[in-house]
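Reading through the structure tokens given below for one structure.
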Amino acid sequence: MSESDYKKDSISLTGAVGLGTGVMISAGIFALLGQVAELSGAWFPLIFIAGGIVTGFSAYSYVKMSNEYPSAGGIGMFLVKAYGKGTLTASAALLMAFSMVINQSLVARTFGTYTLQLVDGEQSNYLIPLLGVGLLTFAFLVNISGNRFIQTFTSIASLIKIAGLAVFAIAGLWVVGFTFQPAEGGANPPDPSTASYIAAVALTILSFKGFTTITNSGSEIKQPKKNVGRAITISILISLAVYLLLAWAVSSNLSLTEIIKAKDYALAEAARPAFGGAGLWFTVIIAIIATITGIIASVFAVSRMLAMLTDMKLIPHKHFGMPGSIQKHTLVYTIAAAMALTIFFDLSRIASMGAILYLVMDMMVHWGVFKHLRGKVDANPVIVLTALVLDAIVLGAFVWVKAQSDLLVVGISIVFMILIFTGEHFFLKNRDPEEDDSHTSHEQ
């Protein structure tokens, strides 16, 4: 499948914003809010502002690249332009793809966790992954329905969930008289260190990274050189506003200890004292809508990026007797991998792995832009280097904190990255040179 097989001008600016916010406003606030509070303490809502700032610097590189190279391969194509068709490109692109698959499993488990708040959750050990797998199956069915249905569905559902979350947040703040105070400590509240505050930013960055979904649909967006950058900016600002309102609403209605105890379903827990049973139902329904749109939009993007990497002969591909296009095959692989993660990992570890893989990939993108493409894409080197340094600081702090509390997840992430780089090195080394296509690499 080639770039021309994608439907040019099939995604509007509104549709692109719907895809971006569809991914961001799901795991970001429903699954990560409690974890951010656990790392950063009573003033945790402010950490989302810090994450938004770091994301803004990062988004600059992606906007510049999208303006010059609008592509259905998105980040995969950007890396080819920066590093050529070698191990660095293939490995970094796979890190991005796997971080998105990890995000899908994070959202799937969040769906199960929130849905079970409506019933007795005693059997949640198997019901949470079971519900998550069901959601991933639904996302697969939607994604084989075509672009027009996907963007219509995600746009309408994103609007509903944003409006619903805004109502919840404003009502929650109204109950406490619109006081923007830090959360009460409760019993034995955490005492965050400086490294812990910075590490919390890594999780908020994970909640914003859905903007990359837009870059992965670049060749399909109408007037991409104008609208990709607009869609990214609008999506980040909408998400930041929603995150802040919700974080303050939760911190105003629950103590810090209560937020941490219910970290996997903090929004639902905050609805209980503020609005009672009706509020709980309302919150869970919005959470279900948000996670559904998040899964659909993320699967939409990552399957296309993997298909583009396959077209570039940068990753191995097996049909396994499946009919249809390569993109349909990568869709199956994406869903299968997300299902496996949903079954075997909990929310905290899924989020940690996603943050580590994403930040490493993000740094490689910034370095590629600075080293090879800043003149070509007219990028300000100071902004690009600032994004790179901020990523490095946040990643270092996050790994340091996690190494002390959950060394296993850090070890798994490092081993996984080594396997990706080593596997790609040998795959590309033994690849038939005649399989190369005409995609261009950067000019030395």
Side-chain angles (χ1 to χ4, degrees), residues 58 61-62 65 69 71-104 202 205-206 209 212-213 215-216 298 301-318 326 329-330 333-334 337-338 340-341 352-373 384 387-388 391-392 394-396 398-399 409-433 435-437 439-442 444:
S58 288
S61 294
Y62 294 86
M65 294 285 280
Y69 309 112
S71 165
I75 294 166
M77 177 62 75
F78 300 165
L79 289 163
V80 167
K81 297 297 182 180
Y83 295 110
K85 294 176 63 179
T87 301
L88 279 178
T89 290
S91 300
L94 281 179
L95 287 180
M96 180 63 203
F98 279 113
S99 76
M100 294 173 73
V101 172
I102 288 169
N103 183 71
Q104 291 159 20
I205 290 173
L206 186 63
K209 82 178 187 68
T212 58
T213 302
T215 67
N216 286 353
S298 180
V302 73
S303 64
R304 277 152 177 74
M305 186 171 75
L306 288 174
M308 183 62 71
L309 292 174
T310 302
D311 291 338
M312 296 176 184
K313 315 301 180 187
L314 288 175
I315 60 175
H317 181 81
K318 294 293 184 182
I326 289 176
H329 302 164
T330 57
Y333 304 151
T334 299
L341 285 167
S352 297
M353 289 178 61
I356 292 170
L357 266 59
Y358 174 74
L359 285 169
V360 171
M361 182 284 307
D362 200 46
M363 291 170 64
M364 292 178 70
V365 169
H366 298 319
W367 178 250
V369 171
F370 175 78
K371 181 70 174 177
H372 300 296
L373 295 170
V384 177
L388 180 63
D391 275 356
V394 171
L395 176 61
F398 187 74
V399 170
V409 76
V410 175
I412 290 174
S413 299
I414 292 173
V415 170
F416 187 69
M417 286 188 284
I418 291 172
L419 289 175
I420 286 178
F421 277 84
T422 303
E424 278 297 330
H425 171 74
F426 284 105
F427 168 72
L428 294 175
K429 183 179 179 180
N430 297 314
R431 179 189 58 186
D432 184 352
E435 290 183 348
D436 283 342
D437 56 24
H439 286 288
T440 60
S441 62
H442 72 270
Q444 301 289 343

At their closest point, which heavy atom of [X] faces which heavy atom of [Y], and how far apart are they?
X      : Y      : result
Leu428 : Thr87  : CD1-N, 3.4 Å
Phe370 : Val384 : CB-CG1, 3.9 Å
Thr334 : Gln104 : CG2-OE1, 3.2 Å
Leu388 : Trp367 : CD2-CE3, 3.9 Å
Ala355 : Ala202 : CB-O, 4.1 Å
Glu424 : Ala90  : OE1-CB, 3.1 Å

Task: ring-ring contact (aromatic ring centres under 6.0 Å, His included) involving Tyr62 - partner list, sequence neighbours excluded - done: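 Residues passing ring-ring contact (aromatic ring centres under 6.0 Å, His included) with Tyr62: Phe211.
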- [ ] Output all residues satisfying ring-ring contact (aromatic ring centres under 6.0 Å, His included) with Phe421, sequence neighbours left out; order by chain, then residue number.
- [x]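 Phe421 satisfies ring-ring contact (aromatic ring centres under 6.0 Å, His included) with no other residue.
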Distance (rounded to the nearest 0.5 Å) between [X] [atom1] and [Y] [atom2]:
X      : Y      : atom1 : atom2 : value
Leu357 : Phe416 : CG    : CZ    : 6.0 Å
Asp362 : Leu395 : CG    : CG    : 10.5 Å
His372 : Leu79  : NE2   : CG    : 11.0 Å
Met361 : Met417 : CE    : CE    : 12.0 Å
His425 : Ser91  : NE2   : OG    : 10.0 Å

Task: Residue list, side chain to side chain donor-acceptor pair (under 3.5 Å) with Ser61, at least two apart or on another chain - done: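 With neighbours one apart ignored, the set is His366.
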TODO: Mind checking side-chain contact (heavy atoms from CB on, under 4.5 Å) for Ile418 and listing every partner two or more places apart, or none if nothing turns up?
DONE: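 Ile418: side-chain contact (heavy atoms from CB on, under 4.5 Å) contacts with Ile414, Thr422.
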For [Y], is there any backbone N or O sitting under 3.5 Å from a side-chain donor or acceptor partner on [X]?
X      : Y      : result
Tyr83  : Ala92  : no
Ser413 : Met353 : no
Tyr358 : Leu206 : no

Check: residues 93-102 side-chain donor-acceptor pairs under 3.5 Å, at least two apart:
unit_1 : atom_1 : unit_2 : atom_2 : d
Ser99  : OG     : Met96  : O      : 2.8

